[in-house]
Amino acid sequence: MRMTNLFVQTLREYPSDAEVISHKLLVRAGYIRKLTNGIYNYLPLMQRVLRKIENIVREEMDSAGAQELLMPFVQPAELWQESGRWDVYGKELMRLKDRHSREMCLGPTHEEVITSIGREGIRSYKQLPVNLYQIQSKFRDEIRPRFGLLRGREFIMKDAYSFDADENGLDKSYEIMAKAYSRIFERCGLETKMVQSDSGAIGGSVSHEFMVLVNEDSESNAGENDVFYCPKCGYSANSNHAVSVLSEAQTDGKYLKSEITDTPNTHSIEELSEFLNIPESVICKCLIYVVDGKYVAALIRGDRTVEETKLMNVFAGNDIRIARNDEIEEIMQNSGFNATIGFIGPKGLKNVEIVADETVKDLKNFVIGCNQNDKHLTGANWGVEVELPEKIADIRLVEENDKCPECSHPLKVTKGIEVGNIFKLGTKYSKAMNATFTDKDGQEKPFIMGCYGIGISRTAAAAVEKHHDEFGIKWPLSIAPYTVIIVPVSDRDEEQMNLAEKIYNELLKHKVEVILDDREERAGVKLKDADLIGIPYRITIGKAIKDNLVEFKTRSTNETILITPEEAIQKLISL
RNA sequence: CGGGAUGUAGCGCAGCUUGGUAGCGCACCUCGCUUGGGACGAGGGGGUCGCAGGUUCAAAUCCUGUCAUCCCGACCA
């Protein structure tokens, strides 16, 4: 490709609306352009990067035994009503009506469609297992799109779905995908960590996410997930799923006798702990949530934080939020109290489900809200002044240095970008949508399914987050839009231009993906652009031409060597 | 959903307080000059100042509404 023909506009400055480095660089280097909030044009250079990633994905998926197909982007509401997700998916599902007022939606994911394909096409266990995948645009109407391609509303995803006859088969399919994913990301030049995760709105039981770890001290602040991991045994999990060994309950000898104690203006645990001069860990905190429209009280030790996803899962909910003040007033009125935030306790709450975190069950002589303003019950004990709730679960957010659930070593935390995920769906969709096959024993059985996603466009952005410097992008060779760029220093030097043409043609002949910067620009412009765009190799033709030498620069290391044109060509051909 | 900020040429911004012919840098076009890390000079093209109302002789500027974008937050009791 000649630079004078390449459709690309690099910018001298970063766009003002970009926050993270991948977004800034991709816009500035002319890869993407925002069309509207969370929706981007992929310009020619970007499209080549995406194609590269897609092709790596295709090769690995195909060799893992999966088959590519393509499902519609627009889907009928009926399918979603069948699975039950029409009513629970929420506002992220972009709904629309066709001219006959039929309800439709833009596909945020394709479990419903693939299940309908499976139930029509797979009749016998003899046809199993099957793994089908597609690479396609998805649309999710995110509350707050940001970070460029890392969290757009429209994005490119590879989604695969497996059908098996039994759990054993699913385990195998899952394992095969996990291995394929590791290879895919490795080939894309990304180190990933496979971490346990919550299965979220997609449903199902087991799931893992592939995270590109982003150190907090690096330039990249793009990691949206907290990942807890054990440096000793390798345990790792998303914070929405991570567990840790329960630390021993602390006791405090200060309040041995149960009594109502005045605690004026202690609206927070911190204030209460300070006022009573006791550790936060001997306070039982009571938080009111709304899960799928129902009130829930969550009890947890004062020094710990509730993990909302875990709490929501206790009630198999789809939606969770902390209660508003007016809702708390309503609960208080219904229960015959008038306490406000800071003084609420579980005792006597009406129409509120109560769940206690494991951290509170061993508390002794603790402090707890008693639904009277400016007062707390001190020296409380379970079964004496307050009943221990029947529902006890792990609803706490793990903290750094908590003990690893596998080996008790202290856990560490880091930020991660989720580039892929794999789920064991089980029969969630096949049962709901009556997708069955005839098994060996002649019985009709629902498929055991799995689903497996890779964010193609996000993977590209993650690669930029990990591979860049102050001058621009440093694409890994495997996903770079072009392999090499030839820069003749002076476009008016006939000898340089002739050599550039010669090398260019030779490389083209050998199918090397090459750009010839044939623009009438000063050297600085061409060199800056080459660095910004991030082509892995650069051949610079300048003064050394008199000794039959060119500069050969490797962008990943920014190392330059002087070699002959023939050697340069040979290096590139043999990559 | 709450708070804050911003909408002026492809990009980055000034002008608004105090209303009076719409500006600067980059990019783009022409000519000259220049050619190893985003040169220089001269000339030129491009904007219904987000949109809609209102006030006024006159609105980018003041007022009202609206839309969009960005950031932060969304309550740990």
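Chain identifiers are assigned alphabetically (A, B, ...) following the order of the sequence lines, protein sequences preceding nucleic acid strands; residue numbering begins at 1 within each chain. Below, all heavy atoms of this structure are taken into account, side chains as well, without hydrogens, waters or symmetry copies.
Across every non-hydrogen atom of A:L150 and A:A462, the tightest pair is CD2-N, 4.2 Å. Across every non-hydrogen atom of A:L26 and A:W475, the tightest pair is CD2-CZ2, 4.0 Å. Of all the heavy atoms in A:H241 and A:D198, the pair that sits closest is CB-N, 3.6 Å. Shown here for A:R396 and A:V245, the closest heavy-atom pair between the two residues is NH2-C, 4.4 Å. In terms of heavy-atom proximity, A:Y504 sits nearest to A:M1 at OH-N, 2.9 Å.
Heavy atoms of A:F343 sit under 4.0 angstrom from primed sugar atoms or phosphate atoms, though from no base atom. A:R396 comes within 4.0 angstrom of no nucleic acid atom, judged by non-hydrogen atoms across all strands. Using a 4.0 Å heavy-atom cutoff across all strands shown, A:R28 reaches at least one base atom of the nucleic acid. Contacts of A:I328 with the nucleic acid, taken as non-hydrogen atoms under 4.0 Å apart, include base atoms. Using a 4.0 Å heavy-atom criterion, one finds that A:E271 contacts no nucleic acid atom at all.
Here the separation of B:rA22 from B:rU66, taken at their P atoms, is 30 Å to the nearest Å. One P atom belongs to B:rU55, the other to B:rC70, and the distance between them is 35 Å to the nearest Å. For the C1' atom pair drawn from B:rG19 and B:rU30, the interatomic distance equals 38 Å after rounding to whole Å. B:rC29 and B:rG65 have their C1' atoms separated by 42 Å, given to the nearest Å. As rounded to the nearest Å, B:rA60 and B:rC13 have C1' atoms that lie 15 Å from one another. One C1' atom belongs to B:rC49, the other to B:rC62, and the distance between them is 15 Å to the nearest Å. For B:rC33 and B:rA42, the C1' atoms lie 11 Å apart once the distance is rounded to whole Å.
Using cut-offs of 30° and 60° on the angle between ring planes, the pair A:F366 and A:W382 is tilted.
Nucleotide B:rG7 forms a Watson-Crick or G-U wobble pair with B:rC67, both donor-acceptor distances falling under 3.5 Å. Across all strands shown, B:rC1 forms a Watson-Crick or G-U wobble pair with B:rG73, both key distances being under 3.5 Å. Using the Watson-Crick or G-U wobble rule with both distances under 3.5 Å, B:rA39 pairs with nothing in any strand shown. The pairing partner recorded for B:rU18 is none, the criterion being a Watson-Crick or G-U wobble arrangement whose two distances lie under 3.5 angstrom. Shown here, B:rG46 forms no base pair; nothing in the strands shown gives a Watson-Crick or G-U wobble contact with both key distances under 3.5 Å. Both distances falling under 3.5 Å, in either a Watson-Crick or a G-U wobble arrangement, place B:rG23 opposite B:rC13. Across the strands present, B:rA58 finds no partner; the criterion is a Watson-Crick or G-U wobble pair with both atom distances under 3.5 angstrom.
A:K474 places a side-chain N or O within donor-acceptor distance of the main-chain N or O of A:S556, the cut-off being under 3.5 Å. In this structure, A:N225 contributes its side chain and A:I417 its backbone to no donor-acceptor pair below 3.5 Å.
Checked against B:rU35, B:rC72, B:rC75, the side chain of A:R492 finds its nearest nucleotide in B:rU35. The A:K285 side chain lies nearest to B:rC76 when the options are B:rC76, B:rG12, B:rC75. Considering only the side chain of A:S16, B:rG12 comes nearest among B:rC76, B:rC70, B:rG12. Comparing atom distances between the A:L287 side chain and each of B:rC76, B:rG38, B:rG37 picks out B:rC76 as nearest.
Relative to the ring axis of A:Y482, A:R48 places its NZ or CZ within 45° and under 6.0 Å from the centre.
A search for ring-ring contact (aromatic ring centres under 6.0 Å, His included) contacts involving A:Y289 returns nothing, not counting sequence neighbours.
OP1 and OP2 of B:rC76 both lie 4.0 Å or more from every side-chain N or O belonging to A:T305. Regarding contacts with the backbone of B:rC70, a side-chain N or O of A:N37 is found under 4.0 angstrom from either OP1 or OP2. Taking only side-chain nitrogens and oxygens, A:T36 comes nearer than 4.0 Å to OP1 or OP2 of B:rU69. Side-chain nitrogen and oxygen atoms of A:S490 include none within less than 4.0 Å of the OP1 or OP2 phosphate oxygen of B:rG36.
Residues A:I288 and A:G542 both approach RNA chain B. Their nearest nucleotides, taken by heavy-atom distance, put A:G542 toward the 5′ side. In this structure, A:A323 and A:R146 both approach RNA chain B, and ranking their closest nucleotides by distance from the 5' end singles out A:R146.
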Return the polar atom pairs (N/O with N/O) between nucleotides 23-26 of chain B and the protein under 3.5 Å, or none.
{"from": "B:rC26", "atom 1": "O3'", "to": "A:R12", "atom 2": "NH2", "distance (Å)": "3.1"}

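Remark: A:E521, A:R522, A:A523, A:G524, A:V525, A:L527, A:K528, A:D529, A:D531, A:L532, A:R538 in residues 512-541 of chain A come within less than 4.0 Å of RNA chain B through at least one heavy atom.
Atom CG in A:D326 sits roughly 15 Å away from atom P in B:rC75 (whole-Å rounding). The nearest whole Å value for the distance from the NZ atom in A:K553 to the C1' atom in B:rG36 is 12 Å. We find that CD1 of A:I545 is positioned 14 Å from P of B:rG36, with the value rounded to whole Å. Whole-Å rounding puts the A:D491 CG to B:rG37 C1' distance at 16 Å. B:rU69 atom C1' lies 14 Å from atom CD1 of A:I39, rounded to whole Å. Here the C1' atom of nucleotide B:rG12 and the CZ atom of A:R33 are 12 Å apart, to the nearest Å. When the P atom of B:rG36 is taken as reference, atom CG of A:L549 falls 18 Å away, rounded to whole Å. Atom P of nucleotide B:rC28 and atom CG of A:L11 are separated by 11 Å, given to the nearest angstrom.
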Would A:D402 and A:R304 count as a salt bridge (charged side-chain N to carboxylate O under 4.0 Å, His left out) if you check the C-alpha gap in whole Å, the side-chain angles of each, and the deciding distance to 0.1 Å? CA-CA 11 Å; A:D402 276 6; A:R304 304 299 302 223; 2.6 Å; yes
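The local environment of CG in A:N325 is sparse, with at most 12 non-hydrogen atoms from other residues, nucleotides or ligands closer than 6.0 Å.
Remark: of the listed residues A:K34, A:H23, A:K24, A:K34 is the sole one forming a side-chain hydrogen bond (donor to acceptor under 3.5 Å, both in side chains) with A:D17.
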